[in-house]
A.B. asks: 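Before I ask anything, let me first share the structure, which is written out below as structure tokens.
Note that this is a predicted model, so its numbers are computed, not measured. Chain identifiers are assigned alphabetically (A, B, ...) following the order of the sequence lines, protein sequences preceding nucleic acid strands; residue numbering begins at 1 within each chain.
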Amino acid sequence: MAESDELIIGGHRFGSRLILGTGKFADTAVMLDAVKAAGCELVTVALRRFSEGVDDLCAPLAECAGLTLMPNTSGARNAREAVRAAQAGREISGSPFVKVEIHPNPHHLMPDPIETYQACCELAKDDFVVLPYIAADPVLAKRLEDAGCAAVMPLGSAIGSGQGLQTFAMIELIISESSIPVIVDAGLRAPSEAAAAMEAGCSAVLVNSAVAAAENPVVMAAAFAQAVAAGRMAYNAGLMSRGTDAVATSPLTAFLGR
Amino acid sequence: MNNNDLALCLEHAAAAREKVATATPQQVAAVLAAPRADVGSLAVLLSSAADGMLEAMAGRAQRLTRSHFGRTVALYAPLYLSNYCPGGCSYCGFAADRQQSRRRLEHAEIETELQAIHHLGLRDVLLLTGERCPEADFDYLALGVEIAARRFPAVGVEAFPMTEAEYARLVELGCISLTLYQETYDRARYDEVHRWGPKRDYAARLEAPECALRAGMRSVGIGALFGLADPVSEALALFQHALYLKRKYWKSGVMISFPRLCSEQGGFSAEYEIGDQWLAKVIWAFRLCLPDVPLVLSTRERPAFRDGMAGVGVSRMSVASRTSVGGYADGGAGGDDRQFSINDDRGIDEFCAMLHARGLQPVFKNWDAALRDGAAA
């Protein structure tokens, strides 16, 4: 089952379906331990945190065996900046992956659908493996798929809010329509929410704050890994149908065939 | 430009002042349970009814700071380019009537000072001057920005109010933020302490942050110099100013600083005594009502206060600061030509060790030159 159940993004195969953000940890050592405890094979790191100094997040992650880096464009407020950030990230990290994150409002960090679409069109043509962070908008998700994105990353709720899967109904709709992986990104707080997303058919889950801001980030990373795996297993096993519809004592269909 | 909207926001602040006296513990509990980005919530938290709930406010402030900024504190260093100033601000060590040796950094010195700051590992620098004067005019400041932007991904300025075209030029040269404190929102007090010079123009100063945002500046830092006027009114007005900018210039960032008057050369003493507990409460109240806005604390504050506030409301801090002209390249020996005295003179290693001990990661670089785009907001 393991081999057939790999996560495939733009032709790249991953055994783990948990993706970690790396920016909010108390120190780099804890972040690396959390990445290991989560069994991550894909992590995202902001270009703006690439540095030649002691706070650099890129090099320590690049040294981890079996880990693919996905630079992100956090901080970009328009498509031009995002494209430049993506190019700089690829140049330094050597990774073709990019998480397109364009949030003109630096406070709530909600993604700009128009600028995101424009940047993704450009980056997909430039052979990036493009994963856009988006609001849970089923139409935008399809437009991005058509534009050549390798996956879409709808938000569960606002970044860092810990409000969980507020957009669940829209995410279900995106999943039902999508031919590319759907990865819930942002807003999760508890592993149970990650499990719920996976049970609903998400291909993967990305968390940062939920792990980094936990009392014990390393243990929380492991907990998310188990929840994601359990959710995926449940999805594959096929959940029983919901509902408690009783069968009427006088069948409503009894008249048929009379 | 018509600034009626901002005037109206400030009127609301004045109206909310009355709530502060009558707030009840029940109202405080209700706001603590669900703080909102409105001046009424802030007024309740600033009331004495909240004094018994400081621990709860601090806990909430820490959780919100952690959610929005992670377990990190962004660091920056201020660099005073010049202390020439035609201004007559009665509270300022650089005022024109102070017995103060005057100097400015020349091109090569700017390079050397920036090199020294870079050597500390910092990648976020704030360039400061006094009010506009022939020795430190726009072209001089622009040169400083140009030099700094070659080496630093994040360059901000804290200087005199400028025209929109001048701000646009700074943005082109790589400047990403403007810091400009109104000092006091109390009009009468403003006139009183700004005795002469270009800074007497209250309206021009109030207008400057949004002028910069219209010119494409990514973020503005605002603040009131607590101690000049009724601090509760100042906090409410500052909050309304921030909210106004945040809502009108929605593609831009707003940062808020909380300087309080400390003794400086000339012996100006503050009208209002601002105690640690009060300042902490203001910062936590701002964090509760504006969870995603960077809140800044400088080395004006003593180490114990800075340590206690790091990550507890405060998300951005200056470090290893010199408030004399230059001062980094000579290892901090510096002269006595400081704008204000520094109360936290710890070196960067010591400060970072403190942050680590508190489970906080010092972030030296949190921006990238690739993210500098001159497009207006």
A.B. asks: Side chain, backbone, both or neither: which part of A/S51 has a heavy atom under 4.5 Å from chain B?
C.D. replies: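 Contact with chain B involves both backbone and side-chain atoms of A/S51.
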A.B. asks: Salt bridge or not for A/E52 and B/R123, using N-O below 4.0 Å?
C.D. replies: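 A salt bridge links A/E52 with B/R123.
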A.B. asks: For a 4.5 angstrom cut-off between non-hydrogen side-chain atoms, does B/K251 reach A/N105?
C.D. replies: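 Answer no - side chains too far apart.
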A.B. asks: Quick check for you: among B/A369, B/P291, B/G70, which has the greatest number of heavy-atom pairs under 4.5 Å with chain A?
C.D. replies: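 Answer, by heavy-atom pair count under 4.5 Å with chain A: B/G70.
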A.B. asks: Heavy-atom count check: over 12 atoms from other residues, nucleotides or ligands less than 6.0 Å from B/R151 CZ?
C.D. replies: yes
A.B. asks: Heavy-atom distance under 4.5 Å to chain A: side chain of B/V73, backbone, both or neither?
C.D. replies: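 Contact with chain A involves no heavy atom of B/V73 at all.
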A.B. asks: For the pair B/D368 and B/K365, find out whether any cationic side-chain nitrogen is under 4.0 Å from an anionic carboxylate oxygen.
C.D. replies: yes
A.B. asks: For B/R218, is it the side chain, the backbone, both, or neither that has a heavy atom closer than 4.5 Å to a heavy atom of chain A?
C.D. replies: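 Looking at B/R218, backbone and side chain both touch chain A.
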A.B. asks: Between B/S257 and B/G223, is there a donor-acceptor pair closer than 3.5 Å when you use the side chain of the first and the backbone of the second?
C.D. replies: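 Checking the backbone N and O of B/G223 against the side chain of B/S257, no donor-acceptor pair under 3.5 Å is found.
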A.B. asks: Would B/R169 and B/E146 pass as an ion pair if we require N to O under 4.0 Å?
C.D. replies: no
A.B. asks: Does any heavy atom of chain B fall under 4.5 Å from the side chain of A/A214, the backbone, both, or neither of them?
C.D. replies: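 Just the backbone, heavy atoms under 4.5 Å.
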A.B. asks: Can you tell which part of B/P362 gets under 4.5 Å to a heavy atom of chain A, answering side chain, backbone, both or neither?
C.D. replies: backbone
A.B. asks: Distance check, rounded to the nearest 0.5 Å: A/E41 atom CD versus A/L20 atom CG?
C.D. replies: 12.0 Å
A.B. asks: Chain B: which of A/A213, A/P217, A/A76, A/G160 shares the most heavy-atom pairs with it under 4.5 Å?
C.D. replies: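 Among A/A213, A/P217, A/A76, A/G160, the one with the most close pairs to chain B is A/A213.
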A.B. asks: Using a cut-off of under 4.5 Å on heavy-atom pairs, state which of B/L360, B/N366, B/T72 scores highest against chain A.
C.D. replies: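 Answer, by heavy-atom pair count under 4.5 Å with chain A: B/N366.
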A.B. asks: Measure A/Q87 against the heavy atoms of chain B and call it side chain, backbone, both or neither at under 4.5 Å.
C.D. replies: neither
A.B. asks: For chain A, find which of B/H68, B/R358, B/K246, B/H356 contributes the most heavy-atom pairs closer than 4.5 angstrom.
C.D. replies: B/K246
A.B. asks: So A/K99 and A/P71, do their side chains get closer than 4.5 Å, heavy atoms only?
C.D. replies: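 A/P71 does not reach A/K99 side chain to side chain.
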A.B. asks: Could you look at A/H103 and say if it's the side chain, the backbone, both or neither that has a heavy atom under 4.5 Å from chain B?
C.D. replies: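 No part of it gets close to chain B.
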A.B. asks: Checking A/T73 against chain B: side chain, backbone, both or neither under 4.5 Å from a heavy atom?
C.D. replies: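 Only the backbone of A/T73 comes within 4.5 Å of chain B.
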